[in-house]
Amino acid sequence: AMAADKGVDLTTTGQAVIYYETNDNGGDNGFFHKDQSQANAALQLNVGGDLGNGFTLGTQLSYIGTLGLEKNLVNGVKQFGGTDNDTAGTGATTTSTSEELALSKIFVAKQIANTTLKLGRQELPKSLSPFAYSEGWNVFKNTFDAIVAINTDIKDTTLVGAWVGSGNDSNDQGLSQMNDLAGGLATKGAYMLTVANKSLPMTALTVSYYDVVSTADVAWVDAQIAGKDMPLGLSIGLQGGTVMTKGQLDGAEDTTSFGAKVAIKPVENLMLQVAYSTVDDGAVAIHNIGTNVKSPLYTQMIYNQNHIKTDADTVVVKGAYSMGDMGKIIAQYGMSSDNAADNSDYNELDLIYKVKSGGVTYWASYMMVDHDAAADVDNKIRLWARYNF
């Protein structure tokens, strides 16, 4: 009301989510048993608008709860709303959330010619910040307290400079610190510089550099090659880089990684892809330094992150078929050899169905996780519905 009195036009958007996951890895218990299931019911509200003179405001309030489901149908949550945290990303915890409301975004942006300056709690996209980005696999995306400058003065080029000081976690919307930066030692933030260029024909090149305070320097390159003239809709991706230890990790071995992917569209609505990654046995994993969960590697699947990002060779084959209004079917299978997570081979199969109907996006997936160090194969089912307004 105060904003309206002052002539400020604010807009309101948001989303409502129901999120559920269950597994059969629990002795005599099976799918949908309370002890094997986690769930969330969540609401997110965005309020923002033009403040005049090139300033804009963005805020986001996130409510995450269970609607009391933990009393009868589930034993915990997939994402917390407060200070408790499941850093493994499994959701397998019976700890109740201590805070159900979180201010997950609050920022002010200023447009100056071809430069945008954005200060506050905000999302960071993986395409421009591959080692400190907002992950989308859980109920809500994680956000960061950051200062970001984006400039487009140079033709076909985007320059991004950032100070990433803290953030919440992909498992917990209530945290206000950088979680386990670069191996669990530093919590002092990171400086980032990214150059994204599209001058080369059919090529999008992105180069990023991070100075992770007191821990490591990260250099990363990603090249995407695609175009209408490519046969069979061919597209190629190449990525690679190194994490160079320093400070608290001084003397520890650097980590080097390389990845590649090739995709084709042999018939209409069908995409086939094969991806490969290799990571050596350096001291720091190739993963999101803001969460220590997901990886920027092309071989990232639903659950394989701990088995691909350190001392591992991984191959993933994937197929996706679009049925138009009937939705999309995705199948992917990945193999990691003798990875450092448990010194065993790892295999994962993901079967995914995704459809949008009546303004609601529905997701249903089955995940089979099998690694030699585990006694049994772990089968999982994930279901969610998301309404954006």
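The first residue of the sequence shown is numbered 1, and numbering continues consecutively from there. Source: prediction; values computed, not measured.
Take Tyr191 and apply the side chain to side chain donor-acceptor pair (under 3.5 Å) test, not counting sequence neighbours, and it matches no residue. Legend: residues meeting side chain to side chain donor-acceptor pair (under 3.5 Å) with Asn53, ordered by chain and number and at least two apart, are absent. Under the side chain to side chain donor-acceptor pair (under 3.5 Å) criterion, Tyr133 pairs with no residue at all, not counting sequence neighbours. With sequence neighbours excluded, no residue forms a side chain to side chain donor-acceptor pair (under 3.5 Å) with Thr56. Under the rule for a salt bridge (charged side-chain N to carboxylate O under 4.0 Å, His left out), Lys318 has no partner lying at least two apart in sequence or in another chain. Applying the side-chain contact (heavy atoms from CB on, under 4.5 Å) criterion to Ile147, with sequence neighbours excluded, gives Leu117, Leu119, Trp163. With sequence neighbours excluded, the residues forming a side-chain contact (heavy atoms from CB on, under 4.5 Å) with Thr194 are Leu128, Val160, Met192, Thr206, Ser208, listed by chain and number. The salt bridge (charged side-chain N to carboxylate O under 4.0 Å, His left out) search around Asp378 returns Lys380, not counting sequence neighbours.
Through chains of ILVMFWY side-chain contacts below 4.5 Å, Leu205 is grouped with Val207, Val221.
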Please determine whether side-chain hydrogen bond (donor to acceptor under 3.5 Å, both in side chains) holds for the pair Ser134 and Asn142, giving the CA-CA distance in whole Å, both sets of side-chain angles, and the decisive distance to 0.1 Å.
CA-CA 5 Å; Ser134 298; Asn142 58 295; 4.7 Å; no
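Sorted by first and then second residue, the side-chain hydrogen bond (donor to acceptor under 3.5 Å, both in side chains) pairs with a member in residues 236-245 read Thr245-Asp254; sequence neighbours excluded. Screening residues 216-234 for side-chain hydrogen bond (donor to acceptor under 3.5 Å, both in side chains) gives Tyr209-Asp217, Asp217-Lys246, Asp222-Gln224, Asp222-Tyr298, Gln224-Tyr298 as the qualifying pairs, with residues at least two apart or on separate chains.
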Show me the side-chain donor-acceptor pairs of residues 256-273 shorter than 3.5 Å, one per line, residues at least two apart or across chains.
| unit_1 | atom_1 | unit_2 | atom_2 | d |
| --- | --- | --- | --- | --- |
| Ser257 | OG | Thr278 | O | 3.1 |

